[in-house]
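Below is one structure, written out as structure tokens, with a few remarks after it.
Remember, it's 1-based here, ligands and their atoms both numbered in the order they're listed.
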Amino acid sequence: MISDYYGKYIKDVLRLRESTVNHYLGAITALNRILRDNQYPIIDLYHVSTKENLKDIEVFLNQSEEYRGLNLRGNNMYSAALHNLMKFASAELFTSSEIFEDLDFPVEVAEQTMTLITKENRRSIIKDQVIHAAHFACECDTAHTSFTSKATLRRYVEGHHLIPLQQQSFFPYSLDVYANVVSLCPNCHRLFHLAIKSEKQYYLDRLFDTRRVRLISSGIDISHKEFLRLTL
Ligand SMILES: [Zn+2]
Ligand SMILES: [Zn+2]
């Protein structure tokens with residue numbers, strides 16, 4: 001869930017002052033209350049999974065008199081907090097994988113794991129951020145090519161959970177974390193889902209080696225053998 005990452009991001013990556021951090025987080029709590037009071041279908045901004053959802057919420061909030069009044073009296077603090085969350089979701093500051101040095105930590109398993117499983121292939125903020133940090137390259141081999149995406153005008157790649165979310169029950173911490181998401185060209189992505197074992201293992205071995213330490217930092221401590229058992 002992005003709430004865990006967002007708090008850490010504004011504290012440790014953006015290094016905002018503690019008072020600003022508290023203002024931003026407090027404002028999001030207040031906005032969640034307005035969404036709940038108005039029976040908006042998404043009642044928690046941190047449960048939003050794409051940046052498009054956040055844009056829809058802003059349009060909705062702007063129609064609320066309570067929101068407009070609150071924001072006016074708060075010197076635009078509420079819209080600033082929402083825009084900062086949107087900036088995080090847009091992934092624009094995820095310019096290199098070094099950013100994950102501050103963001104790999106064990107994340108509690110989200111309650112709605114079931115919905116995450118059914119929607120595994122949809123776009124998500126976490127996948128978008130990983131793809132940006134990987135410079136839109138395939139992490140199996142940066143020489144792999146693809147076409148230009150009309151949505152991003154960059155090379156088209158897809159985010160993939162290295163250990164599938166369906167295996168969540170075997171792990172005490174969330175698998176929907178940066179360390180477990182890789183950026184792949186569409187061919188490699190299909191390979192992981194559809195290829196025969198012998199053709200998958202070469203790339204699985206390589207990706208496990210590059211992600212092992214980060215997976216451990218995220219509370220996902222798994223041997224190479226166990227990893228292959230769950231992913232081949
Ligand atoms: Zn996948
Ligand atoms: Zn590839």
His189 (side chain) donor-acceptor with Cys185 (main chain) under 3.5 angstrom: no
His161 N/O/S atom closer than 2.8 Å to the Zn ion (ligand 1): no
Minimum-distance N/O/S atom that His193 presents toward the Zn ion (ligand 1): NE2
Identified side chain to side chain donor-acceptor pair (under 3.5 Å) counterpart of Glu139 within the set His160, Arg206, Arg211, His144: Arg211
Check: Ile28 and Leu85 side chains under 4.5 Å, non-hydrogen atoms: yes
Atom nearest to the Zn ion (ligand 2) - His144, N, O or S atoms considered: ND1
Of Phe94, Tyr46, Tyr178, the residue whose pairing with Tyr5 passes ring-ring contact (aromatic ring centres under 6.0 Å, His included): Tyr178
Cys138 atom SG and Cys188 atom SG as seen from the Zn ion (ligand 2), angle to 10 degrees: 110°
Among the N, O or S atoms of His160, the one nearest the Zn ion (ligand 1): ND1
Non-hydrogen side-chain atoms of Leu228 and Asp205 separated by less than 4.5 Å: yes
